[in-house]
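Computed from a prediction, not measured in an experiment: that's the story for all the values here.
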Amino acid sequence: MAKEYFQIPHTDIDEHWELFALLVQKAIDKSDDNDYSIFGIYHRLKLNQWQLFCVLEDNELNSIFITSVTPFDLNCYLHICVTTAMKGKKLDYQYMLDCYKEIAIKFNCNKISAMGRKGWKRIMPEYGCKEQTLFTITME
């Protein structure tokens, strides 16, 4: 099975946004993440603040993922905001990790961060991922 990924230019987001929005909403609904909205993601993609990538498998859409680049003083992070597969498709975690690493290098990032569903916690160490503590406080 031939796989390839590519970035959707921010100027082309509208062309297929109906499909992308359904996939992104699916990812939001399946996670405990309440930080993102379809409206906010769309605008950050259109403003070229975030990046949208598609993964093709045998020339068919398999999955999409959305990244953001966050620079700090000593490190620059490629943050994986959303990753989701088409209905009936499975994610190839090793392939996805390889994609993330290539993209991190392209954007001069030396670290990769991601938040995901709870089930990922048990499999991610197999791929060299290290869990770090993150605390959040919701201001009322």
Looking at [Y], is its backbone amide N or carbonyl O close enough to the side chain of [X] to form a donor-acceptor pair, meaning the two atoms are under 3.5 Å apart?
| X | Y | value |
| --- | --- | --- |
| Asn110 | Cys76 | yes |
| Asp92 | Tyr95 | yes |
| Lys26 | Ala85 | yes |
| Asp58 | Ala2 | yes |

Heavy-atom side-chain proximity of [X] to [Y] below 4.5 angstrom:
| X | Y | answer |
| --- | --- | --- |
| Thr67 | Cys81 | no |
| Ile41 | Ile28 | yes |
| Asn62 | Met86 | no |
| Trp17 | Ile38 | yes |
| Met96 | Ser63 | yes |

- Item | Near-ring test Phe72/Tyr77, centroid separation under 6.0 angstrom | yes
- Item | Ring centre gap for Phe20 and Tyr42 strictly below 6.0 Å | no
Rounded distance [0.5 Å steps], [atom1] in [X] versus [atom2] in [Y]:
| X | Y | atom1 | atom2 | result |
| --- | --- | --- | --- | --- |
| Ser68 | Gln51 | OG | CD | 7.0 Å |
| Cys109 | Ile103 | SG | CD1 | 10.0 Å |
| Gln7 | Asp12 | CD | CG | 10.5 Å |
| Leu91 | Thr83 | CG | OG1 | 7.0 Å |
| Trp50 | His79 | CH2 | NE2 | 7.0 Å |
| Asp98 | Tyr93 | CG | OH | 15.0 Å |

- Item | Step-by-step side chain to side chain contact (heavy atoms under 4.5 Å, CB included) determination, Cys99 to Phe53 | CA-CA 10 Å; Cys99 294; Phe53 294 87; over 6 Å; no
- Query: Taking all atoms of both residues into account, what is the closest heavy-atom pair of Ile13 and His10, and its distance?
  - Reply: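 It is CG1-O, 3.4 Å.
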- Residue among Ile64, Leu61, Val24 satisfying side chain to side chain contact (heavy atoms under 4.5 Å, CB included) with Leu19: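 Between Leu19 and the candidates, side chain to side chain contact (heavy atoms under 4.5 Å, CB included) is satisfied uniquely by Leu61.
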